[in-house]
Structures are given as structure tokens and as C-alpha cells.
Amino acid sequence: QLQLVESGGGSVQAGGSLRLSCDASGYTGEINYMGWFRQGPGKEREGVAVIDTRDTRSSDTAYADSVKGRFTISQDNAKKTVYLQMNSLETEDTAMYYCAGKKTGWGLIYYGRWSRREEYDLWGQGTQVTVSS
């Protein structure tokens, strides 16, 4: 059974960095895309970044405008882990961060559907990130 488990959240001051990890267990070969979402207090869950896991060069990625240039998504295929490196954190980045997986399909990034929650089949429990000023 496929499972996703996030880790790496915590409290940091504005301008600081954190690296989130999403560990996948079970038969992960069927996961085509892995994304990171976040949900801040009183806000809708929004897509942050996505990676096409079939691209071993980790070059097929996409980001929300609010995090471009600050966040980087990457993967370690051997460890079945996807990372979200978050630099220059801002108070607006405070949220619960969720890892999500999409088992099948193609064109998620190309057609701009990657940030839609309904596209994903698997979700982790979330890890809290708190950025203070």
C-alpha cells in the first residue's frame, strides 16, 4: 500500500531555510508526479511545487509564483524521497505543508493542472512550517 510521510517542518525566523522531505513507501513505481501543497490559517490549500518523478534529471518541475526563486523541489529515486528546499522564508509561508502523489496520467505540468488538488490520488498527513518575523 502506497503511503506518503512528510518531515522536516518546524519554526524558523524570516529569511531562514528549511528542507521538507516526503518519504514514499510501497510500490512507488506507479507514481508519476509528486507535489507539495500548503494550507495556511483560514486559507485554501494551494499548490506550491511539483516534479515529474519519471524525469531522473529532476528537470520537469513547476512552482507557484509566490515561491519561484526561493523554493526548489527535487527527488532521490533511490530513497523514494521528494524534497522541498525552502529558502528566504517569509511569514506568509507559514502553513501546514502536504506531500501529494499522482499515480497515472501525463501532461500535468505541461497543461498547467498540477496545482489542482483533485488531480492527486495520495496525500500525506502534513508537516507544520511556522515563520516568525
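For reference, positions follow the sequence shown, starting with 1.
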- So, the side chain of D55 versus the backbone of D60: is there a donor-acceptor pair under 3.5 Å, distance only? yes
- Please step through side chain to side chain contact (heavy atoms under 4.5 Å, CB included) for the pair Y97 and M86, ending with a clear verdict. CA-CA 12 Å; Y97 283 71; M86 305 186 296; 3.9 Å; yes
- Just wondering, more than 12 heavy atoms not from Q125 lying within 6.0 Å of its CD? no
- Pairs in or reaching into residues 1-22: which pass side chain to side chain donor-acceptor pair (under 3.5 Å), with residues at least two apart or in two chains? S17-N87
- Over all atoms of both residues, closest heavy-atom pair of T127 and L20: CG2-CD2, 4.0 Å
- Task: Apply side chain to side chain contact (heavy atoms under 4.5 Å, CB included) to Y98 and M96, showing your working.
- Result: CA-CA 7 Å; Y98 299 90; M96 184 71 79; 3.4 Å; yes
- Item | Shortest non-hydrogen contact from W114 toward G47 | CZ3-C, 3.8 Å
- Item | Atom pair OG1/CG of T81 and D23 - distance to nearest 0.5 Å | 4.0 Å
- Which atom of A14 lies closest to which atom of S133, heavy atoms considered: CB-CA, 4.4 Å
- Message: Once rounded to the nearest 0.5 Å, what's the spacing between atom CG of L84 and atom CE of M34?
- Response: 11.5 Å
- Query: Which heavy atom in D121 sits nearest to a heavy atom in T104, and how many Å separate them?
  - Reply: OD2-N, 4.4 Å
- Message: Filter on disulfide (SG to SG under 2.5 Å), then keep only pairs touching residues 31-133, sequence neighbours left out; what's left?
- Response: C22-C99
- Item | Any residue meeting side-chain contact (heavy atoms from CB on, under 4.5 Å) with V12, in chain and number order, not counting sequence neighbours | L18, L89, V131
- T53 side chain to N32 main-chain N or O, any donor-acceptor pair under 3.5 Å? yes
- Query: Just how far is it from atom CD1 of I31 to atom CG of L4, taken to the nearest 0.5 Å?
  - Reply: 5.5 Å
- Item | Inter- and intrachain pairs under ring-ring contact (aromatic ring centres under 6.0 Å, His included), touching residues 35-64, at least two apart | F37-Y120, F37-W123
- Message: Taking side-chain contact (heavy atoms from CB on, under 4.5 Å) as the definition, give me every residue that meets it alongside S66, ordered by chain and number, with sequence neighbours left out.
- Response: R38, A64
- Item | Connected via hydrophobic side-chain network under 4.5 Å: V67 and I51 | yes
- Interatomic spacing from CD1 in I109 to OG in S115 - rounded to 0.5 Å: 11.0 Å
- Query: How long is the gap from CD on Q128 to CD on Q39, to the nearest 0.5 Å?
  - Reply: 10.5 Å
- Item | Pair listing, disulfide (SG to SG under 2.5 Å) test, anchored in residues 42-82, at least two apart | none
- Does K102 reach the main-chain N or O of E119 with its side chain, forming a donor-acceptor pair under 3.5 Å? yes
- Query: Do side-chain atoms of Q75 reach the backbone of R54 as a donor and acceptor pair under 3.5 angstrom?
  - Reply: no
